[in-house]
A.B. asks: 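Okay, here's the structure, questions in a sec.
In what follows, every heavy atom counts, from backbone to side chain, and hydrogens, waters and symmetry copies are set aside.
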Amino acid sequence: MIDWPNGTAPGQREDESSAQERSECVLAYIPVVYYSTLLCVGVPVNILTLVALYRLSVRTQKALYVYLLALTGSDILSQLFIIFVGFLLETAVFHRDVPVLLLRSVSMMEFSANHASIWATVPLTVDRYVALCHPLLHRQISYPARARRIIAVVLTLALASGVPFFWWSDMWRVNRAPNNLDTALIWTHVTIIYFLPCCTFLVLNSLIILRLRKRQRQQKCQDESGQQLAVPGKLGKTTAMLLAVTSVFAVLWAPRTAVVLYHLYVSSVHNDWRVHLAYDLANMLAMLNTAVNFFLYCFVSKPFRAAVRDVLLFRWGPLHPRRPLHHQRTAANASTSSVSSSKRSQRELTPLSPKRADIKM
């Protein structure tokens with residue numbers, strides 16, 4: 001971002017010719033101010049989102065809120081590792097005067113948190129697809145315990161996928177052309193971070209929209225024939241929230257993906273100030289994705305707004321979930337058995353008629 005001198009080791013300083021070829025940061029201190037503001041706003045907002053979603057998760061016992069909790073937690077990790085450690089501490093505070101091993105380790109954690117933040121949305125999309133297109137199957141397989149296991153697997157894979165990026169090259173300061181390792185890492189990065197999840201979102205969201213349109217046509221036909229359709233065809237709040245989250249991700253991360261590929265095949269960030277500027281702006285847009293979900297949830301979901309209001313007003317109501325169905329059935333069976341036993345006792349206490357008494361005798 002900012003053209004700080006590299007003070008990692010005295011013998012590793014660049015010569016004057018390479019320093020003259022290095023592209024300057026046109027934005028100067030604007031990225032530092034932007035990331036500081038984003039961190040000061042994004043982290044408290046995401047913590048508030050985390051508390052509200054936890055209350056909804058405990059209260060409703062829905063797998064949906066487990067996926068949203070994982071997404072929010074991953075966004076917080078991305079803000080801490082990428083914005084706070086990567087952009088602010090390394091660039092603005094330490095001036096990169098830190099050991100190379102530490103820099104590469106932080107880079108690996110940044111990619112792991114970033115992958116977790118994006119791939120936590122994929123199980124949510126699959127869950128919404130199954131809920132709308134296969135509702136009977138969704139009732140059987142979608143519950144909080146299974147959702148927690150799925151999230152654990154996703155986070156483990158995200159952590160493992162960040163290991164190869166220990167050897168990621170710093171685009172701002174590496175003055176050589178990308179080699180084979182850089183090419184492999186860049187294509188792995190854009191595939192994991194953008195192409196693969198976007199293809200998944202596109203396919204599943206398209207199937208969801210087609211199913212909703214089919215239900216709307218069936219609703220229209222049933223209305224014309226004077227009948228009523230049991231399944232509504234309107235866009236639900238949860239589906240609208242999913243479409244908003246995935247669409248915002250696709251829009252905000254598209255510029256960074258394009259700039260990274262442009263750096264690989266056309267012109268380097270290190271040598272061209274225009275590519276440097278585009279890369280800075282693309283990173284700023286991409287990191288905005290870690291702080292906008294709170295506002296999307298508030299705009300779409302009324303229960304989430306109510307939960308946020310309760311948290312802000314310190315109205316800590318009961319978090320116990322509603323009574324499960326099998327407990328209600330047990331209570332109903334108990335009441336039925338008590339009624340039947342009382343009826344039997346009444347029959348035993350009622351005297352027999354003379355005719356029945358004669359027969360019994």
Side-chain angles (χ1 to χ4, degrees), residues 34 37-79 83 116-129 131-132 142 147 151 194 197-198 200-202 204-213 215-216 232-256 284-315 317:
Y34 171 81
T37 305
L38 186 62
L39 191 68
C40 294
V41 174
V43 172
V45 161
N46 279 331
I47 292 176
L48 177 60
T49 305
L50 205 65
V51 176
L53 290 175
Y54 173 76
R55 291 176 62 83
L56 289 174
S57 174
V58 175
R59 186 181 304 165
T60 62
Q61 293 294 307
K62 289 184 178 180
L64 165 69
Y65 296 111
V66 177
Y67 295 126
L68 293 179
L69 278 171
L71 175 60
T72 307
S74 302
D75 285 341
I76 294 176
L77 292 178
S78 297
Q79 290 173 339
I83 299 177
S117 176
I118 292 174
W119 277 91
T121 316
V122 174
L124 173 63
T125 309
V126 175
D127 182 78
R128 287 298 89 200
Y129 165 75
L132 289 173
S142 180
I151 290 300
Y194 193 77
C198 276
T200 305
F201 297 152
L202 178 63
L204 295 181
N205 289 339
S206 300
L207 293 175
I208 289 173
I209 294 174
L210 290 176
R211 176 57 61 94
L212 291 175
R213 288 183 177 179
R215 290 181 179 179
Q216 289 177 354
K234 296 182 180 180
L235 183 65
K237 295 297 183 64
T238 305
T239 306
M241 182 188 302
L242 170 67
L243 295 177
V245 170
T246 54
S247 300
V248 169
F249 160 75
V251 171
L252 293 181
W253 275 90
R256 186 181 187 278
M284 293 165 68
L285 279 178
M287 289 298 100
L288 183 63
N289 186 59
T290 62
V292 299
N293 288 340
F294 170 80
F295 304 100
L296 295 177
Y297 300 160
C298 288
F299 180 75
V300 173
S301 176
K302 184 177 180 180
F304 180 78
R305 291 196 298 268
V308 170
R309 190 183 307 114
D310 291 340
V311 174
L312 293 177
L313 297 178
F314 298 99
R315 294 189 298 199

A.B. asks: Can you pull the side chain to side chain donor-acceptor pair (under 3.5 Å) pairs that have at least one residue in residues 301-310, sequence neighbours excluded?
C.D. replies: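 As it turns out, the side chain to side chain donor-acceptor pair (under 3.5 Å) pairs with a partner in residues 301-310, which skip direct neighbours, are D310-R315.
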A.B. asks: Do W253 and I118 have side chains that get closer than 4.5 Å, going by heavy atoms?
C.D. replies: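 Yes, close enough: below the 4.5 Å cut-off.
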A.B. asks: Roughly how far apart are R211 CZ and Y129 OH, rounded to 0.5 Å?
C.D. replies: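 If I round to the nearest 0.5 Å, the distance is 7.5 Å.
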A.B. asks: Specify the closest pair of heavy atoms between I83 and T290, including all atoms of both residues, with the distance to one decimal.
C.D. replies: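 Shortest heavy-atom separation between I83 and T290 comes out as CD1-OG1, 4.4 Å.
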A.B. asks: Using distance only, find each side-chain donor-acceptor pair of residues 38-45 under 3.5 Å and give its atom names and separation, not counting sequence neighbours.
C.D. replies:
none

A.B. asks: Can you name the closest pair of heavy atoms from P123 and Y67 and give their distance?
C.D. replies: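 Heavy-atom minimum between the residues: CB-CE2, 3.6 Å.
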A.B. asks: Does L202 have any side chain to side chain contact (heavy atoms under 4.5 Å, CB included) partners at least two apart in sequence or in another chain, and if so, which?
C.D. replies: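 Listed in chain order: S206.
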A.B. asks: For the residue pair F304 and L56, what are the closest heavy atoms and their distance?
C.D. replies: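 That closest heavy-atom pairing would be CA-CD1, 3.9 Å.
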A.B. asks: Check ring pair (Phe, Tyr, Trp, His ring centres under 6.0 Å) between Y34 and all other residues, then give those that pass, not counting sequence neighbours.
C.D. replies: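 Partners of Y34 by the ring pair (Phe, Tyr, Trp, His ring centres under 6.0 Å) criterion come out as none, since no residue qualifies.
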A.B. asks: Testing the basics here: between N46 and T72, what is the closest heavy-atom pair and its distance to 0.1 Å?
C.D. replies: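 Answer, listing the atom of N46 first, then T72: O-CG2, 3.3 Å.
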A.B. asks: For D127, enumerate each residue passing the side chain to side chain donor-acceptor pair (under 3.5 Å) test, keeping only those at least two apart in sequence or located in another chain.
C.D. replies: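 Expected list: H138, S142.
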A.B. asks: Can you name the residues that form a side chain to side chain contact (heavy atoms under 4.5 Å, CB included) with T125, not counting sequence neighbours?
C.D. replies: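 In terms of side chain to side chain contact (heavy atoms under 4.5 Å, CB included), with neighbours along the sequence ignored, T125 is linked to T121, F201, L204, N205, L242, T246.
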A.B. asks: Are any of the side-chain heavy atoms of T49 and N293 separated by less than 4.5 Å?
C.D. replies: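 No, side chains not in contact.
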A.B. asks: With rounding to the nearest 0.5 Å, note down the distance linking CG in L296 to CE in M241.
C.D. replies: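 Interatomic distance, L296 CG to M241 CE, rounded to 0.5 Å: 8.5 Å.
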A.B. asks: Using every non-hydrogen atom in the two residues, find where R55 and V311 come nearest and quote the distance to one decimal.
C.D. replies: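 Looking at all heavy atoms of both residues, the shortest contact is CD-CG2, 3.7 Å.
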A.B. asks: Considering residues at least two apart in sequence or located in another chain, which fulfil the side chain to side chain contact (heavy atoms under 4.5 Å, CB included) criterion with V292?
C.D. replies: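 V292 satisfies side chain to side chain contact (heavy atoms under 4.5 Å, CB included) with V248, L288, N289 once adjacent residues are dropped.
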A.B. asks: Once side chain to side chain donor-acceptor pair (under 3.5 Å) is applied, do any residues pair with S117, and if so which ones, sequence neighbours excluded?
C.D. replies: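 D75.
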A.B. asks: If the condition is side chain to side chain donor-acceptor pair (under 3.5 Å), which residues does S74 pass it with, not counting sequence neighbours?
C.D. replies: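 By the side chain to side chain donor-acceptor pair (under 3.5 Å) rule, S74 matches no residue at all.
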A.B. asks: Might you point out which heavy atoms bring V58 and Q61 nearest each other, and give the distance in Å?
C.D. replies: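 Scanning both residues, the minimum pair turns out to be O-NE2, 3.2 Å.
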A.B. asks: Can you tell me how far the CD atom of Q216 sits from the CG atom of L212, to the nearest 0.5 Å?
C.D. replies: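 Here the interatomic distance stands at 6.5 Å.
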A.B. asks: Would you please name every residue forming a side chain to side chain contact (heavy atoms under 4.5 Å, CB included) with L69, sequence neighbours left out?
C.D. replies: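 L69 satisfies side chain to side chain contact (heavy atoms under 4.5 Å, CB included) with L50, L53, Y54, S57 once adjacent residues are dropped.
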